[in-house]
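Reckoned from all heavy atoms, side chains included, excluding hydrogens, waters and symmetry mates. Every chain is numbered from 1, with letters handed out A, B, ... down the list of sequences.
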Protein chains: 2
Amino acid sequence: MGSRPTLASLAGQLGVSRQTISNAINAPERVSPPTLERVRELIAASGYRPNNAARQLRTRRSRNLGYRLFPSPDGINTAIMDRFLHALTERLYEHGYRVTVFAVANDDAEIEAYEELLETAELDGFIVADTRQDDPRTSWLMDRGVPFVTFGRPWAADNDSCPHSWVDVDGRVGTAEATHYLLTQGHRRIGFLGWPEGKDLARARPTGYELGRDRKEGWKAALSPHLEPAELELLSVGVPDRIREGAAGALTLHRNGATAIVCASDSLALGASEQLRATFPDKSPAVIGFDDTPVAAAVGMSSISQPVEEVAEKVVEIMRTILDGPANQTKAPQHILLPPRLVLRDGGGPLANPPTP
Amino acid sequence: MGSRPTLASLAGQLGVSRQTISNAINAPERVSPPTLERVRELIAASGYRPNNAARQLRTRRSRNLGYRLFPSPDGINTAIMDRFLHALTERLYEHGYRVTVFAVANDDAEIEAYEELLETAELDGFIVADTRQDDPRTSWLMDRGVPFVTFGRPWAADNDSCPHSWVDVDGRVGTAEATHYLLTQGHRRIGFLGWPEGKDLARARPTGYELGRDRKEGWKAALSPHLEPAELELLSVGVPDRIREGAAGALTLHRNGATAIVCASDSLALGASEQLRATFPDKSPAVIGFDDTPVAAAVGMSSISQPVEEVAEKVVEIMRTILDGPANQTKAPQHILLPPRLVLRDGGGPLANPPTP
DNA sequence: GGGCGAAACTTGAACGATCAAACCTTGTTT
DNA sequence: AAACAAGGTTTGATCGTTCAAGTTTCGCCC
């Protein structure tokens with residue numbers, strides 16, 4: 001029982017040189033059809049697979065990309081990044097790329113890890129999630145010309161002139177759509193349950209504060225034709241991203257006259273929904289969450305769904321044009337903003353009538 | 001500006017041979033103290049890091065382990081595997097190991113991926129989660145002598161004679177502890193809300209059915225000294241792992257006289273808890289969940305917490321003795337069963353009194 | 001003082017692939 | 001008919017490391 005086949009061993013069997021086998025794999029047009037055929041047959045029969053380490057040593061390409069795992073915060077919103085990682089891995093795998101994950105505590109450590117991974121494992125690039133304004137990570141990567149794509153906008157004044165590629169979901173469109181839907185249902189006093197504004201309160205939110213502002217603006221834009229600014233003011237509340245706080249915030253909004261609520265996250269929405277149903281069993285305000293997490297689906301709550309699978313697909317597409325595309329082609333950074341989708345559900349919650357056994 | 005330092009370039013600067021530098025890194029005892037000192041200084045000053053591809057090509061070790069990402073099911077229990085992956089990655093990184101993740105649809109595809117990853121990326125081993133009885137994956141890995149450790153027992157008749165190493169959490173002990181706690185609180189008729197039994201209903205549960213049986217047995221063992229078998233029978237219900245089903249199951253248990261409920265998952269517990277609180281606002285039965293997911297923490301529900309970080313630590317320890325330990329030492333498989341911890345919370349749920357603004 | 005052995009270090013080869021350049025064949029051009 | 005071009009194939013070198021087998025130095029012992 002021999003060890004695994006190599007280019008040289010295959011070449012020996014076929015009476016050709018290693019380079020011919022190599023060409024058959026990497027540049028088939030250089031090999032004559034009959035030879036190509038024979039080589040391909042042997043490759044299939046022998047189950048040959050090129051050794052990545054050897055290839056990497058020579059080409060300085062690892063076909064391996066890095067992704068940072070985020071620490072699970074106390075929210076329920078991690079589920080969405082889970083789905084993203086899953087889709088990302090799957091899509092990249094299809095194109096022969098592997099994903100190396102790493103976990104670090106903060107941005108500084110993340111940059112250090114980039115350096116380490118680039119130098120030892122020679123990763124070909126990174127997928128960076130959860131970008132913030134003036135993100136030190138993207139500047140670092142850009143400075144050294146490391147290929148990367150972000151899931152998240154740079155949130156700079158002009159996102160379109162951003163020098164790197166990004167894919168993101170348009171939260172504004174999502175909350176606007178939810179608000180419009182509630183308007184068609186006859187609601188006018190629609191509340192927004194979001195996160196606190198101001199940078200110093202960053203801890204209270206799952207990510208940068210720009211995200212929350214974006215989501216709030218969609219609600220505001222959809223509702224402002226129908227309400228006075230003073231009323232709008234009353235109908236917006238910002239609280240830390242926890243279920244408990246969502247419950248409290250919902251009561252405030254209800255007191256201010258809200259008959260329906262659009263939320264910045266499912267955590268808030270879940271708190272709001274359960275609280276309102278408990279406090280006002282007969283006619284509790286409608287609640288729409290954000291992210292369409294499993295919990296929302298489970299309790300039958302409407303929510304705005306981010307197309308993370310599509311985001312992953314776009315990210316991979318862009319990454320491939322950067323890494324596999326023609327070398328000397330100028331690669332203009334791509335910016336893709338995907339619309340979320342409103343998922344309507346009947347309401348759910350505790351069962352009205354105990355089922356008979 | 002030169003490219004990155006290599007063994008040869010460092011050797012040139014110091015007037016020694018490459019091998020001496022290599023020895024200083026991998027076998028310091030072979031190098032004389034003064035030379036060692038000089039080499040180490042230069043390494044630090046130059047920021048030299050060994051190239052992994054070259055090292056791998058020669059040693060056939062990649063310092064890279066594989067881990068399969070699970071498809072996010074519709075439950076809320078993925079959070080725990082998230083934490084596990086995070087801890088695992090962190091611990092392995094500390095010891096110079098990287099984690100390559102992959103996502104596949106089923107067991108066959110998983111085995112194919114093992115093969116692919118072993119041959120091309122030459123992974124050193126795998127961490128296998130969520131094992132079942134007669135798991136085809138572990139047999140495959142064992143047959144080819146691939147190093148691996150599982151998070152999860154083999155669930156065979158005799159776990160202790162299992163030929164591979166595993167780490168798991170003792171669900172039985174967890175539910176027993178929860179039941180005991182409820183007994184000390186004066187409860188006698190304590191219900192168990194679990195999953196359906198029988199292999200054909202596998203879809204209804206997050207994983208193999210052995211897990212659910214294990215958790216149920218802890219409750220049964222703790223309670224059987226206090227109740228007749230017939231009563232026990234009435235106090236146990238098995239439903240699919242969804243919030244909605246948990247709500248229904250809880251009502252059944254309540255009808256059968258349960259004053260407290262121990263659950264096989266937080267999904268079920270959440271449904272039970274919310275339902276009971278809605279249906280019996282004044283004196284709703286106590287509910288204890290399983291897995292201590294973020295949702296449980298958020299709604300203030302008691303739950304049995306799996307020490308996944310500790311599991312990850314043990315898994316890494318075992319993996320290191322396999323991979324880095326003395327080569328010709330006989331490695332008896334290790335089996336570690338960790339106890340979960342009961343996390344008590346006040347109850348939470350909707351706020352009784354609307355807070356003043 | 002010759003032989004021996006250990007310690008410290010060096011040298012050549014190998015891992016398995018790709019790059020760059022050389023080498024044959026053919027067939028076409030002048 | 002000699003020169004040239006292009007297509008197909010081979011050869012030698014190289015990526016950066018470690019293994020295995022050398023070499024040198026020096027002290028020790030009989």
Whole angstrom value for the distance that separates P of D/dT9 from CZ of A/Arg38: 9 Å
Distance, rounded to the nearest Å, where B/Arg4 contributes CZ and D/dG16 contributes P: 8 Å
Separation of atom CZ in A/Arg30 from atom P in C/dT18, rounded to whole Å: 11 Å
Toward the 5' end of DNA chain C, by each residue's nearest nucleotide, A/Arg49 or B/Arg58: B/Arg58
Closest to side chain of A/Ser17, choosing from D/dC19, D/dT10, C/dA17: D/dT10
Check ion pair B/Glu94-B/Arg91 (N to O, under 4.0 angstrom): yes
Phosphate OP1/OP2 of D/dT9 contacted by A/Ser32 side-chain N/O (<4.0 Å): yes
d(CD, B/Gln56; P, D/dC15) in whole Å: 19 Å
Whole angstrom value for the distance that separates P of C/dA17 from CG of B/Asn51: 17 Å
First of A/Asn23 and B/Leu36 reached from the 5' end of DNA chain C, by closest nucleotide: B/Leu36
Salt bridge flag under 4.0 Å for residues A/Arg98 and B/Glu116: yes
For atom CZ of B/Arg63 and atom P of D/dT17, their distance in whole Å: 15 Å
Donor/acceptor link under 3.5 angstrom from B/Arg18 side chain onto base of D/dT18: yes
Sugar-phosphate, base or nothing in reach of A/Asn52, heavy atoms under 4.0 Å: nothing
Separation of atom CD in B/Gln19 from atom P in C/dT11, rounded to whole Å: 12 Å
Interatomic distance where CG belongs to A/Asn26 and C1' belongs to C/dA20 [whole Å]: 15 Å
Which nucleotide in D/dT17, C/dG16, C/dT18 has an atom nearest any side-chain atom of B/Ala54: D/dT17
Any A/Arg40 side-chain heavy atom under 4.5 Å of A/Pro28 side chain: yes
N/O (side chain, A/Arg60) to phosphate O (OP1/OP2, D/dG16) under 4.0 Å: yes
Sugar-phosphate only, base, or nothing, as touched by A/Thr20 at under 4.0 Å among non-hydrogen atoms: base
Lys/Arg-Asp/Glu bridge criterion (N-O < 4.0 Å) met for B/Arg320, B/Glu317: no
Carboxylate-amine/guanidinium contact B/Asp168 B/Lys314, below 4.0 Å: no
Options C/dT18, C/dA17, D/dC15, nucleotide nearest the side-chain atoms of A/Tyr48: C/dA17
Short side-chain N/O contact to C/dT18 OP1/OP2 from A/Thr59, under 4.0 Å: no
